[in-house]
Amino acid sequence: MIKAITGTKDILPSEISKWYLLENTVKNIFSNYNYKEIRTPVFEETLLFSRSIGEGTDIVGKEMYTFSDRSETSITLKPEMTAGVVRAFIEHSLGKQQPLNKLFYISPMFRQERPQAGRLRQFHQFGGEALGSSSMLLDAELIHIAYEILRNLGLKDVRVKINSLGVPSSRENYKNILRKYLADKKNKLSEESRKRLDSNILRLFDSKIESDQEILRNAPLLIDYIDDESKKDFEQVKEFLGKLNVPFETDPALVRGLDYYTKTTFEIVSGKVGSQSALVGGGRYDLLAEQLGGDPTPGVGFAAGIERILLACENEGTLNQHDEKIDLYIVKLDKDLTSELLDLALNFRRKNISVDFDYLNRSVKAQMREANKLNARYVLFLGGEEYKSGSVNLKNMKTGDQKLFALKDFSEMVKIISQ
RNA sequence: GUGAGUAUAGCUCAGUUGGUUAGAGCACCAGGUUGUGGCCCUGGGGGUCAAGGGUUCAAAUCCCUUUACUCACCCCA
């Protein structure tokens, strides 16, 4: 049997209503803030990602789906959206048409990791990006939007964490200070952490090992060493978040993995989804556009994992399936009324009434069971005695009441069913 | 890439220290007097017990290999 590729999932009809609900919430809230949807291709030139996300990151180093097409161009399935959005922004000179572009997206992403709870190889994200302003209003606004969406989906067990990474020069400076602090404690660190000393020293703070945490307890913190402007901006983000009534906590250990982040970084975590607890991650990337060959353009954005959010919703018991309903089920009492059935169904459907009927030549009882299973609001019986005199019975499935209608009073039936 | 666990019907799971034709609930299908659902009742279909090998008179059950899935590490949404 051919099965779906490891780490990919079919979204079946039985669960699609939750996706619709989430997507509609996302679209509604973003449009309330005047963000416009952008769609970019699922694949891009590999160079785009290695340049923006960073050669040293795990995403670029070992998680990308990369292949050559027939013209020997190296292609990569997008592992995240920001790079593609900024590429499109530059390519179409969006910044020259208006100074600020507020964009959002909903899209599949691809990363070749070992699947586990809340982690897939093809997964889906929605997110927002604001390009063209260094105002912290936007940092706060995007955090607010993400928070609003999660709250609107009924999530309660979520925490907003924020931090600032400063600008690259102050960050490099801090890294040296941290290295000095750790110099004589190196051999006490775990093996994993020692590796990170060279690869990504900031990540040390993520260590789940107690002895590492002990060593880091008195370590200098990045937030104390970032440049003055970044500090001031960070204070502003906090102030705006307060004004917007978003509860948050500052987390000096919050380091985001992608190279392009500057200043604000943030995460929204859930206590209900297992080990992969980050529902939302984002931050500011003031240098990215320039790095990708565009005019210098400040930007800020976030990405949210849809599967993780749906998992959180499930575990918090929110987003309960509302019953799928159909307006009308037509039961055929005689076998040979197919053409009349088709006419009738078409006329109702053109009045925006959803109609289904039996395709399997089943008994009236079986048709009724089907109507009930489909949650049909009304059943119309086509055929039999009353049909000879040009009328049909219309049954209200909730009350069980049944009423005879002349077929020429079609609009009467429409009126009743449409209520 | 590393580690642990799991694999029996479409789904959720029973299956005793190895012992006849492998079970239940749900789902599905058909009936329960002419042309009417839900509840209930009766019946039915559906399994290479993940695959391959081994031990044994006898394997879903014990052993080995492989595969898949799950969770965790790493990292991230």
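Chain identifiers are assigned alphabetically (A, B, ...) following the order of the sequence lines, protein sequences preceding nucleic acid strands; residue numbering begins at 1 within each chain.
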* To do: May I ask you to say what A:Gly127 touches in the nucleic acid, namely base, sugar-phosphate or nothing, with a heavy-atom cut-off under 4.0 Å?
  => nothing
* **Nucleotide B:U2, atom P - distance to CD of A:Glu113 in whole Å** => 16 Å
* Note, A:Ser164 side chain near A:Ile223 side chain (heavy atom, < 4.5 Å) -> yes
* Could you check A:Ser275 against A:Glu385 and say which one's nearest nucleotide on RNA chain B is further toward the 5' end? => A:Glu385
* Would you mind classifying the nucleic acid contact of A:Leu380 as base, sugar-phosphate or nothing, using non-hydrogen atoms under 4.0 angstrom? => nothing
* Side chains of A:Arg284 and A:Asp139: closer than 4.5 Å at any heavy-atom pair? -> yes
* Atom CE of A:Met368 and atom P of B:G31: how far apart are they, to the nearest Å? -> 15 Å
* Asked: Which whole number of Å gives the distance between the P atom of B:U21 and that of B:U67?
  -> 33 Å
* A:Lys373 side chain near B:C28 phosphate (N/O to OP1/OP2, under 4.0 Å) -> yes
* May I ask you to verify if any side-chain N or O of A:Arg256 is less than 4.0 angstrom from the OP1 or OP2 atom of B:A77? => yes
* Give a yes/no answer on whether the side chain of A:Lys78 brings an N or O atom under 4.0 Å of OP1 or OP2 in B:A77. => no
* To do: Look at all strands and tell whether A:Lys9 reaches a base, only sugar-phosphate, or nothing, counting heavy atoms closer than 4.0 Å.
  => sugar-phosphate
* **Distance, P atom - from B:G3 to B:A22, rounded to whole angstrom** => 39 Å
* To do: For A:Phe381 and B:G35, say yes or no: do the ring centres fall under 5.5 Å of each other while the ring planes differ by less than 30°?
  => no
* Asked: Is there a donor N/O on one and an acceptor N/O on the other, under 3.5 Å, for the side chain of A:Gln402 and the base of B:U36?
  -> yes
* Describe the nucleic acid contact of A:Asp334 in one word from base, sugar-phosphate, nothing, applying a heavy-atom distance below 4.0 Å. => nothing
* Scan A:Leu279 against the nucleic acid and name what it touches under 4.0 Å (heavy atoms): base, sugar-phosphate only, or nothing. => sugar-phosphate
* **Distance-only donor-acceptor test (3.5 Å): side chain A:Arg308, base B:C76** => yes
* Donor + acceptor pair across side chains of A:Ser270, A:Asp157 (<3.5 Å) -> no
* Structure fact -> With both pairing distances under 3.5 angstrom for Watson-Crick or G-U wobble, and | for a partner in another strand, the correct string for RNA chain B is (((((((..((((.....[...)))).(((((.......))))).....(((((..]....))))))))))))....
* Take the protein atom CG of A:Leu120 and the nucleotide atom C1' of B:C75, then report the distance between them rounded to whole Å. => 15 Å
* Asked: With a non-hydrogen cut-off below 4.0 angstrom, is A:Gly282 in contact with a base, only sugar-phosphate, or nothing?
  -> nothing
* **A:Glu386 CD - B:G35 C1' separation (whole Å)** => 8 Å
* Base, sugar-phosphate, or nothing: which does A:Gly384 touch, judged by heavy atoms less than 4.0 Å apart? -> base
* Quick one: A:Leu333 CG to B:U34 P, roughly how many Å, whole number? -> 13 Å
* To do: Please state whether the base of B:G31 and the side chain of A:Arg362 form at least one donor-acceptor pair under 3.5 Å?
  => no
* Asked: For A:Gln367 and B:G37, is the shortest distance between a side-chain N/O and OP1 or OP2 below 4.0 Å?
  -> no
* B:G32 base to A:Lys365 side chain: any donor-acceptor pair below 3.5 Å? -> yes
* **Whole-Å C1' distance, B:C28 and B:G46** => 9 Å
* **Side-chain touch A:Ile106/A:His124, heavy atoms, less than 4.5 angstrom** => no
* When you check the phosphate oxygens OP1 and OP2 of B:C73, does a side-chain N or O of A:Arg114 lie under 4.0 Å from one of them? -> no
* Whole angstrom value for the distance that separates P of B:U36 from CG of A:Asn393 -> 12 Å
* Rounded interatomic separation in angstrom, taking OH from A:Tyr378 and C1' from B:U36 -> 17 Å
* What distance, rounded to whole Å, do you find between the two C1' atoms, one in B:A7 and one in B:U17? -> 23 Å
* Asked: Any chance the side chains of A:Glu141 and A:Tyr35 put a donor and an acceptor closer than 3.5 Å?
  -> yes
* Measure the distance from CG on A:Leu337 to C1' on B:G35 and round it to the nearest whole Å. => 13 Å
* Asked: Is the backbone N or O of A:Cys313 less than 3.5 Å from a side-chain atom of A:Thr318, with the two atoms forming a donor-acceptor pair by type?
  -> no
* **Distance, C1' atom - from B:U42 to B:G47, rounded to whole angstrom** => 24 Å
* **Nearest-nucleotide comparison on RNA chain B, the residue closer to the 5′ end among A:Val364 and A:Glu80** => A:Val364
* Asked: A:Gln116 side chain N/O closer than 4.0 Å to the phosphate oxygens (OP1, OP2) of B:C71?
  -> no
* Determine the interatomic distance between P on B:A50 and the same-named atom on B:A60; round to the nearest Å. => 10 Å
* To do: Would you please confirm or rule out a distance under 4.0 Å between OP1 or OP2 of B:C75 and any side-chain N or O of A:Thr57?
  => no
* Write down the distance separating the C1' atoms in B:G53 and B:U16, rounded off to the nearest Å. => 28 Å
* Where along residues 260-269 of chain A does a heavy atom fall under 4.0 Å from RNA chain B? -> none
* To do: Using the C1' atom as the reference point in each nucleotide, state the distance between B:U56 and B:C64 in Å, no decimals.
  => 16 Å
* To do: May I ask you to say what A:Ala371 touches in the nucleic acid, namely base, sugar-phosphate or nothing, with a heavy-atom cut-off under 4.0 Å?
  => nothing
